[in-house]
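All values reported here derive from a predicted model rather than from experimental measurement. Just so we're on the same page: letters track the sequence lines, and every chain starts at 1.
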Amino acid sequence: MPGTQQALIGEMIGADFFRRDPLRCARDLVGCELIWGRCRGGVVETEAYNAIGDEACHCFARPSTRAFVERNQAGAAYIYLNYGVHWMLNVLVKGTENGFVLIRALQPMRGIALMKRRRGVDDERRLCSGPGKLTQALDITIRHHEMNLCVNERFCFRKIADSVEVVADRRIGIRVSADLPWRFTSRDNQHVSIRPKVSSGLKD
DNA sequence: TTCGTGATAGAG
DNA sequence: TCTATCACGAAG
């Protein structure tokens with residue numbers, strides 16, 4: 001099985017990781033570290049979106065998103081503006097199934113002073129505990145759209161732990177396909193956006 | 001609870 | 001052109 005299973009702790013996560021299916025990628029990304037320039041944070045919350053059969057995925061209604069999937073490789077950043085205010089960071093998955101992983105929350109680890117300045121808040125728990133918050137903290141915008149996150153060590157994911165306890169529950173803020181348990185959070189972590197309602201633990 | 005905000009797509 | 005929709009966050 002390609003992916004983090006082969007990556008050593010501290011290594012950049014390669015494109016093979018994103019050549020599986022969105023659910024696996026979303027789950028396995030929890031516990032990895034996102035490196036974004038001078039800032040770093042542990043991924044503590046993700047959601048999976050599937051290009052086929054998932055009405056909540058942009059692919060379902062947006063030709064432009066389907067075109068994005070066609071022309072980009074696994075590991076490309078898919079970034080869009082939501083509600084006219086918040087940038088959303090997603091990673092393209094192209095493998096056994098196509099789709100995206102939405103990065104929903106980080107535990108700030110490095111560059112915290114810079115994140116506080118960008119966010120205008122001091123409480124570390126409020127820095128990156130939501131998809132719109134973390135893009136503001138890391139200064140992620142449309143200019144990063146289509147960037148490959150598997151080639152540049154300044155903008156990538158990194159494996160930092162062997163095993164993390166992950167909880168699966170329903171995705172946040174969507175109206176369709178809302179019953180699917182495709183959100184993944186790091187158990188009892190203080191930096192997730194909204195605490196899971198169920199506590200079905202999944203061990204790696 | 002409500003409300004701002006702008007990209008996108010589809011209808012007319 | 002116009003309108004509905006939207007994977008959010010902050011204030012109250």
Side-chain angles (χ1 to χ4, degrees), chain A residues 18 21-27 29-30 34 36 41 43-72 75-94 97-108 115-147 149 157 166-186 190-198:
Chain A
F18 297 105
D21 65 277
L23 277 160
R24 265 205 101 79
C25 293
R27 209 189 92 180
L29 223 41
V30 174
L34 174 61
W36 204 266
V43 177
V44 298
E45 179 178 345
T46 62
E47 282 178 359
Y49 289 86
N50 211 325
I52 305 292
D54 178 8
E55 293 185 57
C57 184
H58 280 186
C59 285
F60 189 81
R62 297 191 183 192
S64 60
T65 305
R66 294 195 287 273
F68 174 93
V69 173
E70 285 304 309
R71 73 173 174 270
N72 281 279
Y78 174 72
I79 293 167
Y80 70 94
L81 190 63
N82 194 238
Y83 295 99
V85 185
H86 311 287
W87 295 104
M88 301 285 123
L89 171 62
N90 301 253
V91 187
L92 174 61
V93 176
K94 281 179 97 171
E97 304 268 0
N98 293 347
F100 297 94
V101 178
L102 170 65
I103 310 300
R104 283 194 54 92
L106 302 174
Q107 175 169 354
M115 294 190 207
K116 286 181 177 177
R117 210 157 47 240
R118 286 169 174 159
R119 290 272 298 122
V121 302
D122 195 53
D123 183 354
E124 282 190 26
R125 288 202 214 170
R126 293 177 56 202
L127 285 185
C128 298
S129 53
K133 295 178 188 175
L134 74 89
T135 54
Q136 185 182 30
L138 300 183
D139 192 26
I140 294 171
T141 69
I142 192 66
R143 71 188 190 279
H144 303 293
H145 189 53
E146 309 205 41
M147 176 187 282
L149 301 181
F157 293 95
V166 175
V167 178
D169 79 326
R170 289 149 69 121
R171 294 178 293 185
I172 303 291
I174 57 174
R175 300 152 59 91
V176 291
S177 304
D179 51 335
L180 299 170
W182 287 2
R183 181 170 79 122
F184 301 96
T185 52
S186 179
Q190 301 294 304
H191 299 269
V192 304
S193 61
I194 297 171
R195 288 187 162 281
K197 292 213 171 78
V198 297

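With rounding to the nearest 0.5 angstrom, the CG atom of A/Leu89 is 4.5 Å from the CD1 atom of A/Ile140. For the atom pair CZ (A/Arg118) and CG (A/Leu134), the distance works out to 12.0 Å, reported to the nearest 0.5 Å. Expressed to the nearest 0.5 Å, how far CG of A/Leu138 lies from CH2 of A/Trp87 amounts to 15.0 Å.
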Secondary structure of DNA chain B per the Watson-Crick/G-U criterion (both distances under 3.5 Å; [ ] crossing, | other strand, . unpaired) is ||||.||||||.
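In this model, a donor atom of one side chain and an acceptor atom of the other lie less than 3.5 Å apart for A/Thr141 and A/Arg143. Defined by atom type and a distance below 3.5 Å, a donor-acceptor pair is present between the side-chain atoms of A/Gln136 and A/Arg119.
Across all strands shown, A/Ile172 has heavy atoms under 4.0 Å from sugar-phosphate atoms exclusively, and none from any base. Contacts of A/Arg126 with the nucleic acid, taken as non-hydrogen atoms under 4.0 Å apart, are absent.
Looking at residues two or more places apart in sequence or on another chain, you find no ring-ring contact (aromatic ring centres under 6.0 Å, His included) involving A/Trp182. With sequence neighbours excluded, the residues that form a side chain to side chain contact (heavy atoms under 4.5 Å, CB included) with A/His145 are A/Phe68, A/Tyr78, A/Ile79, A/Ile142.
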In B/S/- notation, 5' to 3', how is nucleotides 7-12 of chain B contacted by protein heavy atoms closer than 4.0 Å? -SSS--
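Two rings, from A/His144 and A/Trp36, have their centers less than 6.0 Å apart.
Taking every nucleotide of DNA chain C with any atom under 4.0 Å from a non-hydrogen atom of chain A, the first and last of them, 5' to 3', are C/dC6 to C/dA10.
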Name each donor-acceptor pair under 3.5 Å that joins a side chain in residues 45-53 of chain A to protein atoms two or more places apart or in another chain, with its distance.
residue, atom, partner, partner atom, Å
A/Glu45, OE1, A/Ser193, N, 2.7
A/Glu45, OE1, A/Ser193, OG, 3.0
A/Glu45, OE2, A/Arg104, NE, 2.6
A/Glu45, OE2, A/Arg183, NH1, 2.8
A/Glu45, OE2, A/Ser193, OG, 2.7
A/Thr46, OG1, A/Ala26, O, 2.8
A/Glu47, OE1, A/Tyr49, OH, 2.5
A/Glu47, OE2, A/Ile172, N, 2.8

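Residue order along DNA chain C, read from the 5' end via each residue's closest nucleotide, puts A/Glu47 first among A/Val121 and A/Glu47.
Classification of A/Glu146 and A/Arg71 as a salt-bridged pair holds, one side-chain N sitting under 4.0 Å from a carboxylate O.
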